[in-house]
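Let me begin by presenting the structure, written as structure tokens, before commenting on it.
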Amino acid sequence: MNKTALYARVSGDEQTDSGTIQSQIDRFNDWLRLHDKQSVGQYLDEGVSGVVPFAKRPAGARLLADIRAGVID
């Protein structure tokens, strides 16, 4: 089984308030069902600018660490 996870990000309060991150989660869950897969986690950076390097974003850093640890493929 592939160890799949979701990384989602929105940069501003307006996107956060409009549910943009939830729409990313919903789309990912639809993809999981379509491909009969399960997720090992979700990594969500809400209100984090895309200018911030991925490894310096809170969820981005956790995601990279979990990939290195073999939690995610």
Side-chain angles (χ1 to χ4, degrees):
M1 178 179 104
N2 289 345
K3 296 178 273 184
T4 304
L6 166 69
Y7 175 79
R9 180 191 67 79
V10 293
S11 60
D13 290 337
E14 183 178 313
Q15 288 178 323
T16 300
D17 292 342
S18 69
T20 304
I21 205 152
Q22 186 59 52
S23 66
Q24 293 175 54
I25 294 167
D26 293 344
R27 193 169 282 232
F28 178 66
N29 288 331
D30 290 344
W31 182 88
L32 290 171
R33 281 190 292 281
L34 180 65
H35 296 282
D36 196 27
K37 296 193 179 283
Q38 293 183 346
S39 173
V40 296
Q42 295 182 349
Y43 301 80
L44 310 176
D45 275 325
E46 295 190 60
V48 178
S49 172
V51 175
V52 176
F54 191 79
K56 293 189 184 268
R57 301 174 193 171
R62 284 194 322 276
L63 174 61
L64 292 173
D66 284 350
I67 291 169
R68 285 190 290 272
V71 174
I72 302 163
D73 291 338

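When a residue number appears, it is its place in the shown sequence, counting from 1. Everything numeric in this text was worked out from a predicted model, so none of it was measured.
- Separation of atoms NZ (Lys56) and CG (Leu64) is listed at 12.0 Å; rounding is to 0.5 Å.
- The two residues Ala55 and Ala61 make their nearest non-hydrogen contact at O-CB, 3.3 Å.
- Considering every non-hydrogen atom in both Asp73 and Asn2, the closest pair reads OD2-CA, 3.2 Å.
- To the nearest 0.5 angstrom, Ile72 atom CD1 is 9.0 Å from Lys3 atom NZ.
- Residue Leu63 holds its CG atom at 9.5 Å from CZ of Arg68, rounded to the nearest 0.5 Å.
- Note: His35 and Trp31 have tilted aromatic rings, judged against thresholds of 30 and 60 degrees for the angle between ring planes.
- When all heavy atoms are compared, the tightest approach of Ala59 to Asp45 is N-OD1, 2.8 Å.
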Quiz prompt | Full working for side chain to side chain contact (heavy atoms under 4.5 Å, CB included) between Asp66 and Val40 | solution = CA-CA 10 Å; Asp66 284 350; Val40 296; over 6 Å; no

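- When Gln24, Arg62, Arg57, Gln42 are each tested for a side chain to side chain donor-acceptor pair (under 3.5 Å) with Tyr7, only one passes: Arg57.
- The two residues Leu32 and Gln38 come nearest to each other via the heavy atoms CD2-C, 4.0 Å.
- Between Arg27 and Asp30 no salt bridge is recorded (no basic side-chain N to carboxylate O distance below 4.0 Å).
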